[in-house]
Amino acid sequence: MQKLPVALTSGTIPVVSYARASADLRRDEHSVEDQHRINHETARRNGWVVVAEFTDNDKSAAKMDVVRDDFELLLKVLKAGRLSDGTTVSGLVVVADDRLVRRPGDYERVVDAFTHRDGRVYADKRQIKDLYSEDVESMGLFGAVISKMEVRKMQRRMRTSHQSRAQRGVPSGGPRPFGWKDDRRTLDPAEADLVRKAARDFIGGRSVYSIVMEWQRLGVKTSLGNDWISRSLKVVLTNPRLCGWREIGGELVRGPDGNPVEGVWETIISPEEWQTIRDMFDGRKGHFVRRNGELGPAHSPDYRDARYLLVGILRCGKTGPDGVLCNTKLRVTGQTDVRQHAYACPSKSEGGCGGVSRRGDLVDEFISEALLASLEDKEMARRQGVRPQEWAGAKELNDAQERLKALSVQWNSGGMSNDLFFQLAGDLEKTIARLRGESKKHTATVERDAARQVIDVEDFRRRWYLPEEEGGMPLSTKRAYLREAFRAVIVYPGIKGSKVFNPDLLDPIWSEG
């Protein structure tokens, strides 16, 4: 809502203006601004004055799950008969009824709020209407019903059109997709290179946030000219258009042969790379992912990349009076008299024991060297043709599927009661769903490792220690490798008073496999 600086005189009728646009593709609010201009002209023509403007831009009035904030505020203002500062409101002006409501329920809410007090005025750009008249109220309700029917017809026609174009592999409408030119078929070389690198960096372990920060530093804008945010880049990376496919309603568009329909536009990455990206995102779903593949707690609203290499990986190894390790995650503490950071266990008041502190740069270097040595061994094994380990649950999944099939045959032949079948089948279906999820994660891991293909070990080591602004590896990528390699690193207390760094007091707990 925007309160207008209007000086009311005696006898002037104060009204409010409401404007709404379902879609603002150009992001310039031209439609709602035009509506308010027309509403002001309508008010002047009738001897009224607009004291406030209510605007819902880029919001549908036909969808139940869309909340129109200013519409809800408008209803409260109409019912109260005044704005929050006490300014009187005696009427409402809109361009047309369908800008205000599209659903019968909303029309009834407007009439209820409007007629809560007597003597109010209402007008669209064509005429004044008496909302206190039963005939007008009925006609408005009927109009909302007709409007809703028209919306549904348009939605059906649009769905049919989208499906037809998708089956023919024709590009869809809407804003120009980032990475392609205006014809939506030909690649924009500069943008396509950025997307391709971002996709492969993400597969390599780099975070979306880190890529977005780099794009913002480079001044890269979206196809609409906006700054990139993590959510918008995630939409790009998970869009099957990257590999030439199309998705409608969360499902890939497939041809009669069951294979995804290939579009007529040029592609940026391969289907295998896109599927790996999608699997990686599906495995996260807004949660931290533990090293055993299980989902951890949900990301906090202010979650961002860590600023230090081993945050969340180091744990306190001090033994308490009961003989149990503290096991609290170490935090980074800044000290004014030293240049390097330090990892330390939080105090007892913060949930730790405060009994362990270690110089951060030396710990970072030691654990980094342990990881790099491991990666070098794996690269050597890859060069020697050692195949990746097969998923251990394949036989269990196949056995569960065979048992379910046998149960179905027995039930269909009448040899098993409904109660027994659905009880046994339900348990098997849960097992199959769990195993399929594990299989999907294993496949994504193998594909990710294959996509990385660290060929030049020396270059990998060089980029690990090189600053990011000089071409070094982003911190989020390095942390991704560390989280995959280690379940944790236990840091045991040192000798009191000793300042000598002892790597034997670090106990890396390697992930299995």
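- Within the 4.5 Å cutoff, side-chain heavy atoms of Arg358 are placed close to those of Leu505.
- Remark: Lys478 engages no residue in a salt bridge (charged side-chain N to carboxylate O under 4.0 Å, His left out) (not counting sequence neighbours).
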Val356/Tyr492 under side-chain contact (heavy atoms from CB on, under 4.5 Å): CA gap, chis, key distance, verdict: CA-CA 7 Å; Val356 165; Tyr492 295 104; over 6 Å; no
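- Nearest heavy-atom pair, Trp510 versus Ala370, reported as atom, atom and distance to 0.1 Å: CH2-O, 3.5 Å.
- Across Ser230 and Val208, no two heavy atoms sit closer than the pair O-CG1, 3.5 Å.
- Counting only heavy atoms from C-beta outward, the side chains of Met473 and Leu466 never approach each other to under 4.5 Å.
- For CZ of Arg231, the number of neighbouring non-hydrogen atoms (other residues, nucleotides, ligands) closer than 6.0 Å is 12 at most.
- Using modelled atom types, no side-chain atom of Arg359 and backbone atom of Ala342 make a donor-acceptor pair closer than 3.5 Å.
- For the pair Arg461 and Glu369, the salt-bridge criterion is met [side-chain N within less than 4.0 Å of a carboxylate O].
- Looking at heavy atoms from C-beta onward, Ser476 lies out of side-chain contact with Tyr209 at the 4.5 angstrom threshold.
- Looking only at distances, no side-chain donor or acceptor of Asn57 sits under 3.5 Å from a matching main-chain atom of Val32.
- With hydrogens and angles ignored, the 3.5 Å screen pairs no side-chain donor or acceptor of Ser210 with any backbone N or O of Ser207.
- Side-chain contact between Phe178 and Val235: absent, with no pair of heavy atoms (C-beta onward) separated by less than 4.5 Å.
- Under the 3.5 Å distance criterion, the side-chain polar atoms of Asp69 are left unmatched by any main-chain donor or acceptor of Asp56.
- A pairwise comparison of heavy atoms in Arg278 and Thr238 identifies NH2-O, 2.6 Å as the closest pair.
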Steps toward side-chain contact (heavy atoms from CB on, under 4.5 Å) verdict (Asp227, Lys221): CA-CA 5 Å; Asp227 289 332; Lys221 302 291 184 180; 2.3 Å; yes
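- Asp427 is linked by a side-chain contact (heavy atoms from CB on, under 4.5 Å) to nothing, counting only residues two or more places apart in sequence or in another chain.
- Leu310 contributes atom CG, which lies 6.5 Å from atom OG of Ser368 (distance to the nearest 0.5 angstrom).
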Step-by-step side-chain contact (heavy atoms from CB on, under 4.5 Å) determination, Leu309 to Leu475: CA-CA 7 Å; Leu309 189 65; Leu475 178 63; 3.8 Å; yes
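- Using modelled atom types, one finds a donor on one side chain and an acceptor on the other under 3.5 Å when comparing Asp364 with Tyr343.
- Listed here is the closest heavy atom pair of Pro189 and Lys181: CD-CE, 4.4 Å.
- With hydrogens and angles disregarded, no donor-acceptor distance shorter than 3.5 Å links the side chain of Arg315 to the backbone of Cys326.
- In this structure, the side chain of Trp265 engages the main chain of Arg241 through a donor-acceptor pair within 3.5 Å.
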side-chain contact (heavy atoms from CB on, under 4.5 Å) between Cys316 and Leu325, worked out: CA-CA 7 Å; Cys316 177; Leu325 290 182; over 6 Å; no
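- Listed by chain and residue number, nothing satisfies the salt bridge (charged side-chain N to carboxylate O under 4.0 Å, His left out) test with Lys430 (two or more places apart in sequence, or in another chain).
- No side-chain donor-acceptor contact under 3.5 Å links Trp274 to the backbone of Ala199.
- With Asp70 contributing its side chain and Thr55 its backbone, the two residues share a donor-acceptor pair below 3.5 Å.
- Within the structure, side-chain hydrogen bond (donor to acceptor under 3.5 Å, both in side chains) pairs that include any residue of residues 187-202 comprise Arg176-Glu191, Asp193-Arg196, Lys197-Asp201, Arg200-Glu273, Asp201-Arg206 (at least two apart or interchain).
- The shortest heavy-atom contact between Phe202 and Ile211 is N-CD1, 4.3 Å.
- The salt bridge (charged side-chain N to carboxylate O under 4.0 Å, His left out) search around Asp507 returns none, not counting sequence neighbours.
- Taking both residues in full, the closest heavy atoms of Arg184 and Pro177 are given as NH1-CD, 3.4 Å, listed atom of the first, atom of the second, then distance.
- The distance from atom CE of Met213 to atom CD1 of Ile229, rounded to the nearest 0.5 Å, is 10.0 Å.
- Shown here are the salt bridge (charged side-chain N to carboxylate O under 4.0 Å, His left out) partners of Arg109, two or more places apart in sequence or in another chain: Glu72, Asp106.
- No option in Arg68, Glu53, His36 other than Arg68 meets the side-chain hydrogen bond (donor to acceptor under 3.5 Å, both in side chains) test with Tyr18.
- Rounding to the nearest 0.5 Å places CD of Glu396 at 4.5 Å from CG of Leu435.
- Judged by distance alone, with hydrogens and angles left aside, the side-chain atoms of Gln35 form a donor-acceptor pair with the main-chain N or O of Arg20 at under 3.5 Å.
- Atom NZ of Lys59 sits in a crowded spot, with more than 12 heavy atoms from other residues, nucleotides or ligands closer than 6.0 Å.
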